[in-house]
Amino acid sequence: MTERIVLAYSGGLDTSVAIPWIKERTGREVIALAIDVGQAGEDLEQIRQRALDCGAVEAVVIDARDEFADDYLVPALKANAMYQRRYPLVSALSRPLIARHLARTARELGANSIAHGCTGMGNDQVRFEAAVAAVAPELTSIAPIRDLSLTRDVAIEYAGEHNLPIRQSKASPYSVDQNVWGRAVETGFLEDPWNGPIEDLYEYTQDPTTPREATEVTLAFESGTPVSINGERLSMLQIVERMNELAGQHGVGRLDMVEDRLVGIKSREIYEAPGAIALIEAHTHLEDLALERDVHRYKRGVEIEWGNLVYDGLWFGGLKRALDTFIDHTQEKVTGEVRMTLHQGRAVVTGRRSDESLYDYSLATYDTGNTFNQDAARGFIELHSLPSKIAARRDQPEL
């Protein structure tokens with residue numbers, strides 16, 4: 001019986017080239033696996049047929065949109081996950097889900113290996129292989145694009161020689177990855193970080209400089225999870241899709257950054273993540289009301305570490321799972337509503353309220369009726385500064 005390998009298939013240049021290469025070089029049958037994680041504008045049936053046309057013996061399509069939203073985006077939102085303070089982990093969040101389905105499909109269809117179309121310069125090779133190793137350690141991994149050191153122009157030439165039905169051409173060399181959480185664009189003229197992005201690059205967002213009326217939305221959260229928009233109860237997937245539409249109309253969530261990749265190089269990336277950026281902003285403001293000061297401060301450091309672990313492909317690692325437990329505990333009281341204005345590329349919170357709020361008006365007001373004991377402040381300051389005062393007696397030079 002011919003050995004089989006399951007390929008994570010996106011329908012793009014690299015994974016399309018991978019199908020005939022694997023067949024030619026290894027003699028194995030290729031099963032293409034396409035996962036729907038909300039990549040707007042792509043017909044999964046067309047992608048399935050493209051895989052077959054490229055030589056796959058079988059093409060499997062899985063609708064994982066709700067799974068992606070509930071099991072991957074919700075934890076990311078609770079963690080306010082932003083790599084390097086800006087990037088909401090668009091691609092990194094989908095890789096462990098795809099890896100889990102790769103492993104599951106390989107076991108179900110009798111394959112002993114998985115494959116992906118990543119290059120040796122990117123992060124995704126690590127994310128796929130580390131995730132598969134964590135959930136199915138018996139499987140091996142193949143990366144034809146990486147192992148052949150195929151550059152984009154060579155891959156395009158290979159595709160032409162083999163008459164592969166792909167969309168990329170030398171006139172359109174961009175590499176695009178997208179899902180419901182956002183969209184990433186790289187390569188081409190963007191590789192020079194001095195070159196500014198052009199409007200044609202964007203699909204999820206409209207030009208934020210175009211005059212239009214502001215949009216006001218009210219988001220409701222329960223235990224850190226968004227549950228409704230303007231009073232309409234929706235699933236997590238529906239909320240992200242709706243916020244992509246509402247925030248995208250105002251150009252919210254455009255990111256242009258030089259990113260520190262896991263493999264040690266810097267990369268210029270263009271991202272657009274309107275729903276993600278708006279939801280994270282709203283969530284952080286609700287946490288301002290609900291979290292105790294020390295928990296709030298400590299969680300900020302945990303968020304950075306959580307984002308680094310996910311970016312580095314360690315979704316199934318022990319430390320990340322331990323941090324999930326801490327984060328989930330912090331979210332127990334993060335319930336309430338956030339009012340937000342979307343306008344000219346910005347998502348601005350204008351109000352927040354919660355029955356779990358730690359904000360006490362009678363303590364915070366400067367008007368008559370304030371209940372804060374100001375006499376206690378003098379003693380607090382004396383004790384708070386006492387270590388510094390004692391050290392100063394020892395260390396301060398004579399005047």
Report task. Return the orientation label for the Tyr83 and Tyr87 ring planes: parallel under 30°, perpendicular over 60°, tilted otherwise. Result -> perpendicular

Query raised in the report: Going by an N to O cut-off under 4.0 Å, is there a salt bridge joining Glu259 and Arg86?
Result: no

Query raised in the report: When clusters are formed by joining ILVMFWY residues with side-chain heavy atoms under 4.5 Å apart, either directly or through shared neighbours, do Met121 and Val154 land in the same one?
Result: no

**Report entry** Any donor-acceptor N or O pair under 3.5 Å, side chains Arg233, Ser228
**Finding:** no

Query - Glu24 versus His162, side-chain donor and acceptor atoms under 3.5 Å - result: yes

**Report entry** Glu269-Ser267 side chain donor-acceptor pair, cut-off 3.5 Å
**Finding:** yes

Query - Asn244-Tyr204 side chain donor-acceptor pair, cut-off 3.5 Å - result: no

Query - Any side-chain donor near an acceptor of the partner, Ser91 and Asp177, under 3.5 Å - result: yes

Query - Ser16 and Tyr9 side chains, donor-acceptor separation under 3.5 Å - result: yes

Query raised in the report: For Lys333, does the NZ atom sit with more than 12 other heavy atoms under 6.0 Å from it, leaving out its own atoms?
Result: no

Query raised in the report: Between Arg352 and Asp288, is there a side-chain N and carboxylate O pair less than 4.0 Å apart?
Result: no

Requested in this report: Could you tell me whether Glu138 and Arg107 make a salt bridge, using a distance below 4.0 angstrom between a side-chain N and a carboxylate O?
Outcome: yes

Query raised in the report: Do we see a donor-acceptor contact under 3.5 Å between the side chains of Glu337 and Thr218?
Result: no

Query - Option from Arg95, Gln125, Glu129 for which side chain to side chain donor-acceptor pair (under 3.5 Å) with His116 holds - result: Glu129

Report summary line: Heavy-atom nearest pair, Pro165 first then Asp53, reads CG-CB, 4.0 Å

Report task. Drop me the distance from Leu73's CG to Leu93's CG, to the nearest 0.5 angstrom. Result -> 6.0 Å

Report task. Output yes when Lys299 and Glu303 qualify as a salt bridge under the 4.0 Å nitrogen-oxygen rule, no when they do not. Result -> yes

Requested in this report: Answer yes or no: are there more than 12 heavy-atom neighbours, outside Asp355 itself, under 6.0 Å from its atom CG?
Outcome: no

Query raised in the report: Would the number of heavy atoms belonging to other residues, nucleotides or ligands and lying under 6.0 Å from CZ of Arg346 be above 12?
Result: no

Report task. Determine, step by step, whether Ile229 and Ile239 satisfy the side-chain contact (heavy atoms from CB on, under 4.5 Å) criterion, reporting the C-alpha distance in whole Å, the side-chain angles of both residues, the deciding distance to 0.1 Å, and the verdict. Result -> CA-CA 7 Å; Ile229 299 176; Ile239 286 173; 4.1 Å; yes

Requested in this report: Could you tell me whether Glu356 atom CD has more than 12 heavy atoms of other residues or ligands within 6.0 Å of it?
Outcome: yes

Query - Shared hydrophobic cluster for Leu262 and Ile304 (ILVMFWY, side-chain gaps under 4.5 Å) - result: no

Query - Between Arg28 and Ser113: side-chain donor-acceptor atoms closer than 3.5 Å - result: yes

Report task. Answer yes or no: are there more than 12 heavy-atom neighbours, outside Glu213 itself, under 6.0 Å from its atom CD? Result -> no

**Report entry** Charged N-O contact under 4.0 Å between Arg268 and Asp256
**Finding:** yes

Query raised in the report: Considering all heavy atoms of both residues, which atom of Leu13 and which atom of Ala159 are nearest to each other, and what is their separation?
Result: CD1-CB, 4.2 Å

Query - Over 12 non-hydrogen atoms of neighbours within 6.0 angstrom of OH in Tyr359 - result: yes

Query raised in the report: Could you state the interatomic distance from CD (Glu191) to OG (Ser175), rounded to the nearest 0.5 Å?
Result: 9.5 Å

Query - Worked check of salt bridge (Lys or Arg N to Asp or Glu O under 4.0 Å) between Arg127 and Asp124 - result: CA-CA 5 Å; Arg127 293 167 182 160; Asp124 285 339; 2.7 Å; yes

Query raised in the report: Can His285 and Glu281 be counted as having a side-chain donor-acceptor contact under 3.5 angstrom?
Result: yes

Report task. Answer yes or no on whether Arg183 is positioned over the face of Tyr202, meaning its NZ or CZ is under 6.0 Å from the six-membered ring centre and within 45° of the axis. Result -> no

Query - Over all atoms of both residues, closest heavy-atom pair of Ile277 and Pro88 - result: CD1-CG, 4.2 Å

Report summary line: Between Ile19 and Cys54, the two heavy atoms sitting closest are CG2-O, 3.4 Å

Requested in this report: Look at atom CZ of Arg300 and say whether more than 12 heavy atoms of other residues, nucleotides or ligands are closer to it than 6.0 Å.
Outcome: yes

Query raised in the report: Less than 4.0 Å between a side-chain N and a carboxylate O, is that true for Glu186 and Arg261?
Result: yes

Query raised in the report: Among side-chain atoms of Thr205 and Arg254, is any donor-acceptor pair under 3.5 angstrom?
Result: yes

**Report entry** Pair Glu216-His343, side-chain donor/acceptor within less than 3.5 Å
**Finding:** no

Query raised in the report: For residues 369-385, which residue pairs qualify under side chain to side chain donor-acceptor pair (under 3.5 Å), counting only residues two or more places apart or in two chains?
Result: Ser362-Thr371

Requested in this report: Count the heavy atoms belonging to other residues, nucleotides or ligands that lie under 6.0 Å from CZ of Phe326, then report whether that count exceeds 12.
Outcome: yes

Query raised in the report: Any idea which heavy atoms bring Thr105 and Leu33 closest together, and the distance?
Result: OG1-CD2, 3.7 Å

Report task. Consider only side-chain N and O atoms of Asn80 and Glu287, and report whether a donor and an acceptor are under 3.5 Å apart. Result -> yes

Report task. Classify the angle between the aromatic ring planes of Trp315 and Trp306 as parallel (below 30°), tilted (30 to 60°) or perpendicular (above 60°). Result -> perpendicular

Query raised in the report: Is there a side-chain contact (heavy atoms from CB on, under 4.5 Å) between Asp43 and Ile47 once you walk through the steps?
Result: CA-CA 6 Å; Asp43 186 328; Ile47 289 177; over 6 Å; no

Query - Closest non-hydrogen atom pair, Met236 against Val74 - result: CG-CG2, 3.6 Å

